[in-house]
Chemist: 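Mind looking over this structure? Questions follow.
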Amino acid sequence: MRIPIIAGNWKMNKTVSEARELVSEFIPLVKEMNKAEIVLCPPSSALLPVAALLEGTAIKLGAQNMHWESGGAYTGELAPAMVSEFANFVILGHSERRAYFGETDETVNKKVKAAQSEGIMPIICVGESLEENKADKTSEVVTRQIKEGLKDVNTNLVIAYEPIWAIGTGLAATADGANSTIKIIRSVLAELFGKEEAEKIRILYGGSVKGSNAVEYFSQSDIDGALVGGASLKADAFTEIVLAAQN
Ligand code: 13P
C-alpha cells in the first residue's frame with residue numbers, strides 16, 4: 001500500500017506574513033485528516049517560518065529546488081545541508097525550472113543524488129510539452145526523463161507526472177490519460193529498480209488539480225496523490241484536495 005502524498009508547490013508566491021496566514025488557517029482544517037502525507041513547499045524565504053508553524057503537526061515541509069554541490073561560490077543557491085535543516089522533501093526538475101533556469105536531466109540527476117545522500121526525499125517532476133503530446137511523444141519524453149534523471153540513484157524518491165500543457169492552464173489531463181502515462185513511468189521504474197520496488201514508489205499527478213477533480217485522480221490505480229500549484233495557495237481549496245485523498 002502506497003501512502004498518498006498531497007504536496008503544495010507555492011512557486012514564487014507568498015511573503016512570510018502571507019505564508020504564516022495561510023499555514024495558520026490550513027493546520028486546523030486538516031488536523032483530523034491522516035490518510036495522506038501532506039507536504040507544503042513554500043519559497044525559500046518562508047521555509048524557516050513555515051517550519052516553525054508546522055512543528056508538532058504531521059505536515060511536512062519541502063523546498064522547491066536546491067543545488068547539488070555541498071557549498072561554495074554558487075550565488076543565490078541553497079546547498080542540500082541547508083535545505084535539510086528545515087525540509088524533508090525537495091521538488092526537483094520542475095518544468096518551470098527546466099524551461100526558465102536551464103535545468104536538464106543531467107542536473108536533475110546530480111540533485112537527486114545529492115538529496116538522497118542528505119536524507120531529503122526528492123519529488124522529481126517529469127512531463128511532456130503540448131507539442132510533444134500532440135506528436136505522440138509523451139512516452140518517449142517521460143521515459144528519457146526518468147532514465148536520465150534517475151541514473152545510479154536509490155528508490156527513496158517520489159515522481160510527479162506534470163504534463164506541461166496542464167500546468168496553470170485549467171486544462172487538466174483526464175484521470176484516465178494521466179493514469180496511463182503514470183503506468184508507463186512505473187514500468188520504466190521497474191526496469192531500473194525491479195518490479196517489486198517500482199510498486200512501492202509514489203507517483204503523483206500535477207497540473208490543474210483542484211477539489212472538484214481530485215477524487216477522480218485518486219481513484220485511479222497508479223496515481224498516488226497530487227502536486228498542486230494554484231489550488232495550494234488557498235487553505236480551503238487545498239484542504240478540499242487533502243479531503244479527497246481521505247477515502
Ligand atoms: P497548477 O496546479 O497551478 O496547474 O500547477 C501544477 C504544478 O506545476 C505543481 O508543481
Side-chain angles (χ1 to χ4, degrees), residues 4-14 18-19 22 26 36-44 46-47 50 60-66 83 87-101 103 108 111-112 115 120-130 132-133 138 141-142 145-146 149 157-175 177-179 181-182 185 202-218 220 223-245:
I5 295 179
I6 310 299
N9 174 11
W10 296 3
K11 307 191 180 185
M12 197 172 71
N13 294 292
K14 305 288 178 191
E18 290 165 347
L22 170 59
F26 178 66
E37 223 172 333
I38 303 170
V39 184
L40 301 183
C41 306
S44 316
L47 281 174
V50 172
K60 308 260 169 59
L61 189 63
Q64 298 176 13
N65 176 42
M66 66 173 204
V83 168
N88 325 84
F89 289 81
V90 63
I91 299 171
L92 296 178
H94 191 281
S95 59
E96 288 147 18
R97 297 221 48 95
R98 292 179 194 254
Y100 311 136
F101 303 100
E103 194 91 276
V108 170
K111 292 178 179 194
V112 175
I120 309 165
M121 181 74 87
I123 301 175
I124 301 136
C125 302
V126 298
E128 82 287 2
S129 67
L130 185 61
E132 290 162 338
N133 182 281
T138 300
V141 170
V142 298
Q145 289 173 327
I146 295 286
L157 54 89
V158 174
I159 304 289
Y161 168 55
E162 299 204 313
I164 297 168
W165 47 270
I167 296 176
T169 57
L171 222 134
T174 63
N179 197 50
T181 304
I182 287 177
I185 293 170
R202 271 101 41 103
I203 309 180
L204 319 180
Y205 167 74
S208 300
V209 176
K210 42 187 192 254
S212 55
N213 62 16
V215 171
E216 247 191 284
Y217 291 115
F218 303 158
Q220 297 291 321
I223 302 182
D224 307 316
L227 182 55
V228 184
S232 71
L233 298 174
K234 289 214 168 94
D236 51 353
F238 195 47
T239 301
E240 273 188 58
I241 299 170
V242 177
L243 185 62

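Predicted model only: the values in this text are computed from it and were never measured. Counting starts at 1 for both ligands and their atoms, in listed order.
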Chemist: Could you tell me which residues satisfy side chain to side chain donor-acceptor pair (under 3.5 Å) with Glu240, sequence neighbours excluded, listed by chain and number?
Modeler: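 Glu240: no side chain to side chain donor-acceptor pair (under 3.5 Å) contacts found.
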
Chemist: Can you tell if the side chain of Val242 reaches within under 4.5 Å of the side chain of Phe26, non-hydrogen atoms only?
Modeler: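 In contact.
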
Chemist: Can you sort out the partners of Tyr161 under side chain to side chain donor-acceptor pair (under 3.5 Å), two or more places apart, ordered by chain and number?
Modeler: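 Partners of Tyr161 under the side chain to side chain donor-acceptor pair (under 3.5 Å) test: Glu128.
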
Chemist: For ligand 1, run through the N/O pairs with the protein that fall under 3.5 Å and put one pair on each line.
Modeler:
unit_1: ligand 1; atom_1: 2 (O); unit_2: Gly229; atom_2: N; d: 2.8
unit_1: ligand 1; atom_1: 3 (O); unit_2: Gly230; atom_2: N; d: 2.8
unit_1: ligand 1; atom_1: 4 (O); unit_2: Gly168; atom_2: N; d: 2.6
unit_1: ligand 1; atom_1: 4 (O); unit_2: Ser208; atom_2: N; d: 2.7
unit_1: ligand 1; atom_1: 5 (O); unit_2: Lys11; atom_2: NZ; d: 3.4
unit_1: ligand 1; atom_1: 8 (O); unit_2: Lys11; atom_2: NZ; d: 2.8
unit_1: ligand 1; atom_1: 8 (O); unit_2: His94; atom_2: NE2; d: 2.8
unit_1: ligand 1; atom_1: 8 (O); unit_2: Glu162; atom_2: OE1; d: 3.4
unit_1: ligand 1; atom_1: 10 (O); unit_2: Asn9; atom_2: ND2; d: 3.0
unit_1: ligand 1; atom_1: 10 (O); unit_2: His94; atom_2: NE2; d: 2.9
unit_1: ligand 1; atom_1: 10 (O); unit_2: Glu162; atom_2: OE1; d: 3.2
unit_1: ligand 1; atom_1: 10 (O); unit_2: Glu162; atom_2: OE2; d: 2.9

Chemist: Donor-acceptor pair, distance only, cut-off 3.5 Å: does the side chain of Arg98 make one with the backbone of Gly93?
Modeler: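 Looks like yes, one N/O pair under 3.5 Å.
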
Chemist: What donor-acceptor contacts under 3.5 angstrom involve side-chain atoms of residues 5-13, with partners at least two apart or in another chain?
Modeler:
unit_1: Asn9; atom_1: OD1; unit_2: Lys11; atom_2: N; d: 3.0
unit_1: Lys11; atom_1: NZ; unit_2: Glu96; atom_2: OE2; d: 2.8
unit_1: Asn13; atom_1: ND2; unit_2: Trp10; atom_2: O; d: 2.8

Chemist: Specify whether Tyr217 and Tyr205 have parallel, tilted or perpendicular ring planes, treating 30° as the upper limit for parallel and 60° as the lower limit for perpendicular.
Modeler: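 Plane angle under 30°, so parallel.
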
